[in-house]
Number of protein chains: 2
Amino acid sequence: MKMTPMIETFVMHFGEMGSRWGFNRTVGQMYALLVITKDPISANQIAEALSISRGNVSMGLKELQSWQLIQLHHKPADRKDYFQTNGSIWDMANRVFEERRKREMDPTLSLLRDILLDTPANDEEQHAQQKLQEVHDLLEGITKWSSELQRLSPEKLDTLMKLGSGVGKVLDMKHKLLKRSNE
Amino acid sequence: MKMTPMIETFVMHFGEMGSRWGFNRTVGQMYALLVITKDPISANQIAEALSISRGNVSMGLKELQSWQLIQLHHKPADRKDYFQTNGSIWDMANRVFEERRKREMDPTLSLLRDILLDTPANDEEQHAQQKLQEVHDLLEGITKWSSELQRLSPEKLDTLMKLGSGVGKVLDMKHKLLKRSNE
DNA sequence: CTAAAGTTTCAGTAATTATTGAAACTTTAG
DNA sequence: CTAAAGTTTCAATAATTACTGAAACTTTAG
């Protein structure tokens with residue numbers, strides 16, 4: 001499988017970004033290739049297109065499967081595994097967010113909860129705990145909120161997104177509405 | 001400067017998480033130390049507390065300053081620089097989000113815009129461009145939306161956060177209100 | 001103006017993380 | 001059941017990224 005220059009540009013760039021997004025370079029390239037390729041492709045085709053080792057492809061596919069970003073696909077009379085992306089681009093973003101939350105928030109949140117159970121030994125620790133409480137509340141807020149967003153239906157999410165600066169106005173409406181319903 | 005076990009636990013953990021958050025281990029430790037320490041401290045105190053080299057501290061402080069996460073502070077009759085965190089924990093989260101957006105979104109967005117200007121050479125590229133458009137729209141949506149959020153006043157942000165699953169209900173209200181105002 | 005105290009830089013080295021490729025394992029056509 | 005084709009694992013190595021510490025530079029008290 002040969003990539004056109006346009007496709008190669010995108011795939012390579014996505015690889016570079018991959019590490020910032022939470023997976024390594026080759027996993028990023030592999031995912032990009034799968035996103036822009038219409039038909040399911042085999043591990044060998046991926047290795048060939050990207051010039052990376054077969055072993056590396058196998059590990060990358062495993063990781064993408066664990067993130068539920070790709071799907072297995074079989075062709076009749078062919079025992080080879082073929083792969084294609086799973087779900088929409090939106091689903092992919094959701095998975096990335098969730099995975100990152102697990103890695104970037106959850107461990108800290110759990111540590112903070114533990115520390116906050118301790119009784120401060122002196123003034124210094126008293127002040128420290130206060131700060132830790134703030135960090136905790138922030139992380140918890142973000143965590144809860146992001147999982148709420150993920151629970152919204154795609155249409156509502158879309159409305160919310162398109163709302164943009166309108167979010168502020170809607171919040172105002174909320175106040176008015178609540179007032180009215182209390183009267 | 002000696003850290004109590006509680007403080008050390010937090011500082012070390014924050015260091016480990018640092019790399020996932022966009023800065024390296026020692027920068028993470030330094031920031032954590034500054035967050036939980038009440039009074040401004042000097043670069044030497046930081047180096048001593050964390051047992052890291054003076055040079056490393058200097059570079060870390062520079063990075064934290066460029067992120068606007070810390071502030072310089074001077075004591076009378078002392079030409080040494082002292083440091084303390086800048087702004088609330090919320091401000092810190094905002095900075096981190098913004099910095100990450102710059103690193104993780106902007107370069108891809110700009111590449112995608114370029115590619116999408118090209119005319120697809122064949123069916124394969126036609127399909128690829130369609131996918132790239134989807135990725136582009138997603139990233140643009142997230143980018144725009146997150147900058148809207150940052151523009152909201154802290155109070156509104158807080159309301160929005162606390163709203164949680166209520167977001168869906170408010171969106172429904174929006175529809176009703178719009179309808180009513182059209183009648 | 002000088003020297004003492006403080007700060008920054010950066011080349012070398014250490015630590016971490018990613019990748020290869022050969023060997024072990026698995027599957028199924030015949 | 002066998003062997004050919006395909007897949008997975010993992011130890012060795014490469015590539016990347018972080019850290020040290022000594023040297024160069026900057027600032028200001030006296």
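Please read all numbers here as calculations on a predicted model, not as lab measurements. Naming convention: chains lettered A, B, ... in sequence-line order (proteins, then strands); numbering from 1 in each chain.
- Distances shown here put a side-chain N or O of A/Lys62 below 4.0 Å from the OP1 or OP2 atom of D/dT9.
- Looking at residues two or more places apart in sequence or on another chain, you find no ring-ring contact (aromatic ring centres under 6.0 Å, His included) involving B/Tyr31.
- One interatomic measurement links the two molecules: CZ of B/Phe83 to P of C/dG6, which rounds to 13 Å at whole-angstrom precision.
- When all heavy atoms of A/Met17 and B/Pro107 are compared, the pair lying nearest together is CE-CG, 4.0 Å.
- Remark: B/Asn24 is in phosphate contact with D/dC19, judged by side-chain N or O atoms under 4.0 Å from OP1 or OP2.
- Ion pairing between B/Glu124 and A/Lys2 fails under the 4.0 Å rule for side-chain N and carboxylate O.
- Secondary-structure annotation of DNA chain D gives the stems C:1-30 with D:1-30, with a stem taken as at least 3 successive Watson-Crick or G-U pairs whose two distances both fall under 3.5 Å.
- Between A/Ser53 and the phosphate of C/dT19, there is no side-chain N or O to OP1/OP2 separation shorter than 4.0 Å.
- Taking atom CZ of A/Arg20 as the reference point, atom P of C/dA18 lies 14 Å away to the nearest angstrom.
- Nearer the 5' end of DNA chain D, as judged by each residue's closest nucleotide, is the contact made by A/Met59, out of A/Met59 and A/Ser19.
- Protein atom CD1 of A/Ile52 is 15 Å distant from nucleotide atom C1' of D/dT8, rounded to whole Å.
- Separating the CG atom of A/Asp81 from the P atom of D/dT8 is a distance of 7 Å, rounded to the nearest angstrom.
- Between A/Arg54 and A/Ala43, the shortest heavy-atom contact is NH2-CB, 3.1 Å.
- Looking at heavy-atom distances under 4.0 Å, A/Asn56 makes contact with a base.
- A distance of 4.5 Å separates CZ in A/Phe83 from CG in A/Leu61, rounded to the nearest 0.5 Å.
- Checking the phosphate oxygens (OP1, OP2) of C/dT7, a side-chain nitrogen or oxygen of B/Arg54 falls inside 4.0 Å.
- Both A/Gly55 and A/Arg25 sit near DNA chain D, but only A/Gly55 has its closest nucleotide nearer the 5' end.
- As rounded to whole Å, 14 Å separates atom P of C/dG6 from atom CD of B/Glu48.
- Salt bridge annotation for B/Arg151-B/Glu148: present, with a cationic side-chain nitrogen under 4.0 angstrom from a carboxylate oxygen.
- Between the CG atom of B/Leu50 and the P atom of D/dA18 there is a distance of 17 Å, given to the nearest Å.
- Look at CD1 on A/Ile46: it is 15 Å from P on D/dG6, rounded to the nearest Å.
- The backbone N or O of B/Asp118 sits less than 3.5 Å from a side-chain atom of B/Gln129, completing a donor-acceptor pair.
- Distance A/Met30 CE to C/dT20 C1': 15 Å, rounded to the nearest Å.
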